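The shown structure was predicted, so the numbers you read here are calculated from the model rather than taken from an experiment. Convention: sequence-line order gives letters A, B, ...; per-chain numbering from 1.
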Amino acid sequence: MNENNQFHISFFKPTTEQARKNRNIILVLVSIWAIGVFGFHFLLRAIEKPTPEPVLIAFNEVWENVKAEDANKAEMQIFVRSALQVTGKVFIKPEHRVALDNGITWATFQLADSVQKVALADALQAFEKSLSQVEVLSDKDYISKRNKLTALAMVPLELKSSDLLSKFIALELRSKMTNEFTVENKKLVEQAMPFYTIHNQSVLTDTQFLGFPFHYFYSAVFLLILFIGICWFYSYKTDKMNKRMQISE
Amino acid sequence: MKKIIIPFILLALPTLAQAAVGATQLEGGFKIGPSIILIAILCLFVLVGIVFRAKDTNDFYAAGRSISRVGSGMAIASNWMSAASFLGMAALMYGSGYHGLAYVVGWTGGYVLLLVLMAGQIRKYGKYTAADFIGDRYYSQSLRTVGAIIAILISISYCVGQFVGIGLMFKWILGLDYQWAVVVGGSVVLAYTLISGMLGVTKNMQIQYVIIIISFLIPLFILTFKFDYFWVLPQIGYGAVVTDIVQGVPINDISGMMNSMGHEYAIVPSPEYAMPWDPATGKTFFQWMAITFSLMIGTAGLPHVLQRFYVVPKISDARWSVVWGLFFICLLYWSAPVYSALGKILSAHPEVGKLAKDAIVVYTAQLGEVHPLIVGLLAAGGVSAAFSTVSGLLVAGASAFSHDLYVKVINPKASPRLQLTMARAGTVLMAIIVIMIAILELGLIGELVAVAFSLAGCTIFPLFLLGIWWSGSNRQGAKAGLMVGGLVSIISITYFIAGKQGVVLPFDEFIGYYLQAWYFAWIGAPLSILTNIVVSKFTSNTPLEIRKFLVEKVHS
C-alpha cells in the first residue's frame, strides 16, 4: 500500500482497535441520545389524542341556544362561566378576549333585571373611568369601584365570592358591549372555545410522576440527567480504554 | 480590614433595608438596594480581572492553559449560562409553555455531541481559534478568513441577546430608558473585558458561576416554601406547580396566599401550559423538533464554546470539563422552569397585565413577595450571567479579528503588542455594533441567541464534524458546504429582518415557518454536510500532510 492511501480517517471505517472501540461507544451513546430526545417526542406525537376540557363540553351543550339568543337563565350562566374560564387562561389572543368579553357582557346584562341593569351600567362606567385613570392598582378608589362592580355582576350570574371566576368578572365587562352580541364576535367565540380547550393528551401526559405530568418531567428533568450520564459514561470509558491500551494522550 | 468592613456593613444595612422599599414595584424608578448589590458585584469582577489580567497574547487567547477540570467546567457553565439561560429560558416557557422546553433540551443535549464528537479532538488539534482550525484543516487562507468572519458574526448575534438582557436588568435596577440602559450596561461590560482579557475572564467566570447559581436558587427556595410546595428540592417540587396549572387552583383550596398585588394564589385550569405543541401557544410539533435539533448542533459549533477546550491542560481534562460544565449548567436549567411555572400562577389574574417576558424571573420573585434585596441579587445575577458570556464572546470575536484576520491574513509580522492592540480594537468595534442592534429590540433574548446557534450549526459545525472525522473532506468540499450553509442562513436572516421591517417577500409564509431564524439549521446543517461530502468525493484528495496529522496527532 503506498503512503498516499495509508493515512485515512473515517468515522465509519476505523483502522485501529482503539478507533473501532471509540466508534462503537459513540454510536451507542448517540443512539441513546437521539432516541431519548427525538424518539420520545415522535412517540408523544403518535399516541396523542385531541382531548376537550369539561368546560368545552358544557359550552357545546348551551351554545346553539345562546347563539340563537334563545337560552334560558341556567344556559346563559353556563355560557358565561365557560367564557370566563377561557379569558382566565394563560394564553389568549387579544381578538378572542374581545369577542369573549362581548359574550360575557351581553349575557350578564341579559340575566340582570331592570334595576340590576341600571346599577350595573353605572358601576361599569365608573369602573372603566377609574381604570383609565389609575396609576397604581392599590389605589383605594379603583379597588372600591372594582369591588362594587364585581358584587353587582355576581348576583345575576349567581357566582359565589369563593369562586375564582368572580375575581376577574369586572375586568371582562365592557360598557360598549351591553346590548348586542355581534355576529362577528359569535363566530370568533365559536372558534376560540375549542381552540383553547382542546389539548394534545395521551397516557404520557396524563400520568403523574413526582407531581409532574410524566412527559413534562421527562423533558424538563430526566433528559438533562440522561445527558450528564452519557457524558460521564463516555469520559469514564475513554479514560479506562486509554489506560488499558496504554495510550497516553 | 475587619475594622473597615464591619462599620461599613452596619451603616449600609439600614440604607439597604430602606432602599428595599423602592424595589417592590414591578417596574418603577431607581432602586438603591439592587444598585448597590450590582455595583459591588461589578467591582468584584473588575478587581479579579485586574489581578488576573492578560499579560501577553497567549494569556489573552487561552488563559495559559492553567485551569483545572472543575474550574474549567465552572468556566464553561458560566460562559454558557447567559442572559438567555438566566432570563430568556423562563421567558420562553412563560410565553409558550411546553414549547419552551425545546430550548432547555436543545441547549443541554448539544453538549453530548460536543463531547463525543469534538472536545478531545479539538484539544489534540492544538489550535487557538475556530478559524485557525478551519484554515489549517482545509489548507485554505480564504476559508480561514471566512471562518473568522463567521465567528465574528456569530459572536455579534449571540451578544445581541445578552445586551438585551443587560439592558432590561439595568433598566429595572437604574430606572433608565431601555436604550440608555443598553448603552450604560454595554459600556460597563466592554470596559471590564478590555481590562481583564481571557485570563481574568476565566478566573472571573468561576466567581460569576457561584454568584449566578446562588442568586438564581435562593428565591426558588423562598418561593416554593412560601407557596407550600416541596421546597427542599424546588427542581422536583415544582412538578406540583405544573400540575396545579393544568388542573387549576380554586380559591377555597388555598389559605390566604396572595401575590404582591393582592390577588389570590389561584388559576383556572390551563392544560395548554404543559401539553405538547398546544394550539393555544401557536407552536407546532415540527417547530419543537427543529428548534431542539438546531440548538443541539449549534452548541457543538459555537466558536466561543469550542474555544474553551483550548484552555484545559490535558485532553482528558477537556472531556471531564464538559461533564462538569454540563452538570453546573443543568443546575440552572433544572431551575429555570420553576420561575415560569410559579410566574404563571402569580400573574394569572388579568389585572396583573402583560409583563415583559424576558424579565419574568425578576417579576416572579417580586410577585411572590421575595425580599427586595434578594430580588436585587437575582437581577444582579442576571447581569452577571450576561457579563460572563459577553466577555467570552467578545474575546472570541476579538481573537477572530486580531489573530485570524489581522495576523494571519493582513499583517503576519505584527508584534505581540500590536496583536493585543488589534484584539482590543476588535472588542470595541464589536461592542458598538452589538449595542446598536440590541437597541432595536428585534425579539426575545432566547430567540435572538437561537439565531447564533443556527448560524453556527449551518457553518462551523459541518466543517468541524467532517474535518475531524473524515479525512476525505477537502478544501473544495468545505467551500461548497459552507456556501450552502451560508446561503440557507442568508435566506432565513434576510426574511427575518425584512419581516421586522414590515417588508413582505415572496414565499414569506413558507420561509417564515420552515426556515425561521431560530431554527433554520435543521435543514441548513444536513444540506451543508451532504454538499461537503459529495463535492469532496468528486475532487482531489486531501493533502497527505493533513491526513497524516489527523491520523498521528488527532486520532492517535
Side-chain angles (χ1 to χ4, degrees), chain A residues 3-4 7-11 19 25-26 29-30 33 37-38 41 44-45 48 53 55 85 87-92 137-138 162-165 167-168 171-172 195-196 198-201 205 208-213 215-217 219-221 223-224 227-228 230-232 234-235 238-239 242 249, chain B residues 98 101 104-105 108-109 111-112 115-116 235-236 239-240 242-243 246 250-252 261-262 264 266 268-281 285 288-289 292 314-316 319-320 322-323 326-327 330 333-334 337 344 348-351 469-472 544 547-548 550-551 555:
Chain A
E3 201 186 36
N4 205 29
F7 297 98
H8 187 71
I9 289 289
S10 170
F11 178 78
I25 296 171
I26 291 175
L29 294 179
V30 171
W33 167 86
V37 178
F38 300 106
H41 283 89
L44 199 57
R45 176 74 171 161
E48 74 188 14
E53 286 184 53
V55 68
Q85 286 253 22
T87 57
K89 276 181 171 289
V90 293
F91 306 109
I92 182 158
L137 293 172
S138 54
S162 61
D163 194 327
L164 175 58
L165 301 179
K167 300 297 168 187
F168 45 82
L171 294 155
E172 308 303 338
F195 184 73
Y196 294 106
I198 295 180
H199 311 285
N200 300 316
Q201 289 179 246
T205 61
Q208 295 281 307
F209 187 77
L210 293 176
F212 288 89
H215 74 293
Y216 201 97
F217 170 84
S219 296
V221 182
L223 277 180
L224 276 57
F227 297 152
I228 296 173
I230 290 175
C231 289
W232 178 87
Y234 179 75
S235 300
T238 307
D239 279 1
N242 287 345
E249 290 180 314
Chain B
Y98 187 82
L101 286 179
V104 175
V105 175
T108 48
Y111 272 89
V112 174
L115 173 66
V116 300
Q235 294 82 355
I236 294 294
V242 177
T243 301
V246 171
I251 288 177
N252 49 12
M261 296 170 83
E264 284 87 354
V268 297
S270 304
E272 62 276 15
Y273 179 77
M275 293 308 140
W277 34 93
D278 197 277
T281 62
F285 171 71
W288 202 99
M289 300 296 249
T292 307
K314 288 193 294 180
I315 293 149
S316 164
R319 286 192 292 269
W320 282 105
V322 175
V323 182
L326 183 57
F327 170 72
C330 285
Y333 279 49
W334 278 314
K344 262 301 166 209
H349 196 288
E351 213 168 47
W469 288 104
W470 185 45
S471 56
L544 182 63
R547 286 188 282 135
K548 227 171 171 177
L550 281 172
V551 171
H555 290 280

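With rounding to the nearest 0.5 angstrom, the CD1 atom of A:Ile228 is 8.5 Å from the OG1 atom of B:Thr108. To the nearest 0.5 angstrom, B:Tyr333 atom OH is 14.5 Å from A:Leu223 atom CG. For the atom pair CG (B:Leu544) and CZ (A:Phe7), the distance works out to 6.5 Å, reported to the nearest 0.5 Å. Atoms NZ and NE2, on A:Lys167 and B:His349 in that order, are 8.0 Å from each other to the nearest 0.5 Å.
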**Request:** For side-chain contact (heavy atoms from CB on, under 4.5 Å), just list the numbers for B:Val242 and A:Phe217, CA-CA rounded to whole Å, side-chain angles, deciding distance to a tenth of an Å, and then say yes or no.
**Result:** CA-CA 10 Å; B:Val242 177; A:Phe217 170 84; over 6 Å; no

**Request:** Give the intermediate values and the outcome of side-chain contact (heavy atoms from CB on, under 4.5 Å) for residues A:Leu171 and B:Glu351.
**Result:** CA-CA 7 Å; A:Leu171 294 155; B:Glu351 213 168 47; 3.9 Å; yes

**Request:** Report the C-alpha distance between A:Leu29 and B:Val112 in whole Å, list the side-chain angles of each, state the deciding distance to 0.1 Å, and finish with yes or no for side-chain contact (heavy atoms from CB on, under 4.5 Å).
**Result:** CA-CA 9 Å; A:Leu29 294 179; B:Val112 174; 5.6 Å; no

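Contacts between A:Phe195 and chain B at a heavy-atom distance below 4.5 Å involve backbone atoms as well as side-chain atoms. If you measure heavy-atom distances from A:Leu210 to chain B, the contacts under 4.5 Å come from both the backbone and the side chain. When heavy atoms are compared at a cutoff of 4.5 Å, B:Leu115 approaches chain A by way of both its backbone and its side chain. Residue A:Val221 touches chain B through both its backbone and its side chain, counting heavy-atom pairs closer than 4.5 Å. Neither the backbone nor the side chain of A:Ala19 comes within less than 4.5 Å of any heavy atom in chain B.
Top candidate by heavy-atom pairs under 4.5 Å with chain B, chosen from A:Phe209, A:Trp232, A:Tyr196, is A:Trp232. Ranked by heavy-atom pairs under 4.5 Å with chain A, the list B:Trp320, B:Tyr273, B:Tyr111 is led by B:Trp320. Ranked by heavy-atom pairs under 4.5 Å with chain A, the list B:Val104, B:Val105, B:Val246 is led by B:Val105. Among B:Trp470, B:Phe327, B:Phe285, B:Trp288, the residue with the largest count of heavy-atom pairs under 4.5 Å with chain A is B:Phe285.
Judged as a salt bridge (charged side-chain N to carboxylate O under 4.0 Å, His left out), and not counting sequence neighbours, B:Lys344 has no contacts. The ring pair (Phe, Tyr, Trp, His ring centres under 6.0 Å) test applied to A:Phe11 returns B:Trp469, not counting sequence neighbours.
For the pair A:Leu164 and B:Ile251, the tightest heavy-atom approach, listed with the atom from each and the gap, is CA-CD1, 3.6 Å. Heavy atoms only, all atoms of each residue included: B:Pro276 and A:Asn200 are closest at O-ND2, 3.2 Å. Minimum heavy-atom separation, B:Pro271 to A:Glu53: CD-OE2, 3.4 Å. The two residues A:His199 and B:Met275 make their nearest non-hydrogen contact at CB-CG, 3.9 Å. The nearest pair of heavy atoms linking B:Asp278 to A:Ile198 is OD2-O, 4.1 Å. Contact record, B:Tyr98 with A:Ser219: OH-OG, 2.6 Å, taken as the closest heavy-atom pair.
Contact annotation: the side chain of A:Thr87 never approaches that of B:Pro350 to less than 4.5 Å [non-hydrogen atoms, C-beta and beyond]. The side-chain heavy atoms of A:Phe38 and B:Thr292, taken from C-beta on, include a pair separated by under 4.5 Å.
The main-chain N or O of A:Lys89 is never found under 3.5 Å from a side-chain atom of B:Ser270 such that the two would form a donor-acceptor pair. Between the B:Ser471 side chain and the A:His8 main chain, no donor and acceptor come within less than 3.5 Å of each other.
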